[in-house]
Amino acid sequence: MSDTEHPLTVLQSDCGSCFGLCCVALPFAAGTDFAMNKSAGTPCRNLQTDFSCGIHARLRGEGFQGCTVYDCFGAGQRVSQETFGGTSWRAEPATAAPMFDVFPIVRQLHELLWYLTEALTFEPARALHTELRAALDETDRLAGGTPEQVLAVDVPAHRQQVADLLLRASELVRAAVPRRREHRGADLFGARLRGADLRGANLRGALLVAADLSGADLRLADLIGADLRDADVSGADLTTALFLTQAQLNAARGDATTRLPATLTRPTHWPTTATPATGPGNKPRSGGRRPGKPRRR
């Protein structure tokens, strides 16, 4: 498999080719992110007969912010169109349970495909490209199996193997930055990091909810698994941040001056002008209760 067979664009959600799997297979809990409770396997009340969302254009206003920051990395259309051959769970109810069980597994594997594809673009990590390509091929093979094969995948073990490889690639890239900050898995909830020099920092799995990162330099910072919900990244430089995803951007608060990688899109809910600076007495808004600490990566 060549480096270009899994471009990042292929690993983006195509809801028009999916059977609304994230709206059915996954559970919701009423709170800051969702306006209601929903159990796994139960269709969301907003899911239409054509598998579209009835409130897609106003999800945030209706209390479904969690939907706007979710990304299946293309797993939805793969499970719908490839694993189950384009037959929906509505057309064949017997496929519902296995389809809903397979989807979250393929979603995790597709997230790994996203990271591995990005790592293959790292020139300083060229010595690892053979290993990275082999890991990508194996991850793709696991994601493309039959429902029975996918359900038998030891996802935690595979994730750990890939995570170790991605960390090695990250360290090779970040080695170019002297005096790098080490914040792996750190609790930085609401931290005041405005204008901070975080070039090459290790922020893997860091809790950055409601952190003030406005104007911060995050070039070459490793952000894999970092929780950026409600983090202020207005004016921040994320152009070469490592392993940043669209979902992380969608969960954060930026503005027209936030500098982004070319592979990602400026969220439509961000203001189109620069965000006015706040005074020293103003605290970043938390967006709700303090969440649990995310899993370290």
Side-chain angles (χ1 to χ4, degrees), residues 6-8 11-12 69-75 104 107-125 128-129 131-133 135-136 138-140 143 155-177 180-189 191 193 196 198-209 211 213 216-229 231 233 236-252 254 260-265 291-297:
H6 269 293
L8 296 182
L11 298 171
Q12 294 175 350
V69 301
Y70 178 78
D71 189 352
C72 77
F73 296 96
R107 189 267 176 199
Q108 291 187 68
L109 294 172
H110 269 226
E111 181 182 13
L112 297 179
L113 287 175
W114 176 281
Y115 295 141
L116 288 164
T117 300
E118 180 178 343
L120 279 166
T121 69
F122 298 163
E123 183 60 32
L128 295 178
H129 279 199
E131 291 181 67
L132 288 165
R133 192 175 298 107
L136 186 147
E138 175 62 8
T139 304
D140 184 60
V155 177
H158 186 69
R159 285 188 71 96
Q160 188 58 58
Q161 291 176 356
V162 173
D164 292 343
L165 181 57
L166 293 173
L167 178 57
R168 289 164 58 199
S170 169
E171 289 173 341
L172 288 173
V173 176
R174 295 182 296 110
V177 182
R180 302 179 300 278
R181 295 197 191 185
E182 178 59 48
H183 293 304
R184 183 175 183 177
D187 185 345
L188 297 171
F189 182 94
L193 296 167
L198 293 169
R199 287 174 297 168
N202 185 353
L203 291 163
R204 297 167 72 91
L207 183 68
L208 287 161
V209 174
L213 291 163
D217 190 343
L218 288 154
R219 288 175 294 171
L220 298 183
D222 189 335
L223 293 170
I224 196 168
D227 192 340
L228 294 174
R229 283 177 293 167
V233 295
D237 191 345
L238 294 157
T239 50
T240 57
L242 308 183
F243 306 123
L244 180 67
T245 67
Q246 190 65 50
Q248 286 172 303
L249 282 182
N250 292 346
L260 305 177
T263 55
L264 300 179
T265 303
K293 192 173 182 180
R295 177 179 60 194
R296 290 181 61 145
R297 305 225 177 182

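Just so you know, these numbers come straight off a predicted model, no measurement behind them.
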Practice task
Show your working on side-chain contact (heavy atoms from CB on, under 4.5 Å) between His158 and Gln108 and close with a plain yes or no.
Solution key: CA-CA 10 Å; His158 186 69; Gln108 291 187 68; over 6 Å; no

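Here the closest non-hydrogen pair linking Leu242 and Ser170 is CD1-OG, 3.8 Å. Nearest heavy-atom pair across Ala125 and Leu172 is CA-CD1, 3.8 Å. Closest of all the heavy-atom pairs between Arg184 and Leu167 is NH1-CD2, 3.4 Å. Listed here is the closest heavy atom pair of Gln248 and Leu244: OE1-CA, 3.4 Å. In terms of heavy-atom proximity, Ala231 sits nearest to Leu213 at CB-CD1, 4.4 Å. The minimum heavy-atom distance linking Phe73 with His110 is given by the pair O-ND1, 2.9 Å.
Listed for the Thr117 side chain is a donor-acceptor partner under 3.5 Å among the backbone atoms of Leu113. Using a distance-only test at 3.5 Å, with no hydrogens or angles considered, a donor-acceptor pair links the side chain of Thr240 to the main chain of Leu220. In this structure, the side chain of His129 does not engage the main chain of Glu123 through any donor-acceptor pair within 3.5 Å. Distance alone, capped at 3.5 Å, places no donor-acceptor pair between the Arg229 side chain and the Leu207 backbone.
The line from CG of Asp237 to CG of Leu198 is 11.5 Å long, rounded to the nearest 0.5 Å. Note: Arg204 CZ to His183 NE2 = 15.0 Å, rounded to the nearest 0.5 Å. The structure places CZ of Arg133 at 6.0 Å from CG of Leu120, a figure rounded to the nearest 0.5 Å. The CG atom of Asn202 sits 10.0 Å away from atom CD1 of Ile224, with the distance rounded to the nearest 0.5 Å. Here the straight-line distance linking atom CG of Leu193 with atom CG of Leu218 works out to 9.0 Å at 0.5 Å rounding.
A side-chain contact (heavy atoms from CB on, under 4.5 Å) with Phe243 is found for exactly one of Leu223, Asp222, Leu203, namely Asp222.
Shown here are the side chain to side chain contact (heavy atoms under 4.5 Å, CB included) partners of Val69, two or more places apart in sequence or in another chain: Arg60, Asn250, Ala251. Scanning for salt bridge (charged side-chain N to carboxylate O under 4.0 Å, His left out) contacts around Arg174 gives an empty result, with sequence neighbours left out. In this structure, the side chain to side chain contact (heavy atoms under 4.5 Å, CB included) partners of Thr121, at least two apart in sequence or on a different chain, are Glu118. Scanning for side chain to side chain contact (heavy atoms under 4.5 Å, CB included) contacts around Ala135 gives Leu116, Leu165, with sequence neighbours left out. Contacts of Glu171 classified as side-chain hydrogen bond (donor to acceptor under 3.5 Å, both in side chains), with partners at least two apart in sequence or in another chain: none. Partners of Thr265 according to the side chain to side chain contact (heavy atoms under 4.5 Å, CB included) rule, which considers only residues two or more places apart in sequence or in another chain, are Gln246.
Using a 4.5 Å heavy-atom threshold, the side chains of Arg168 and Glu131 count as touching.
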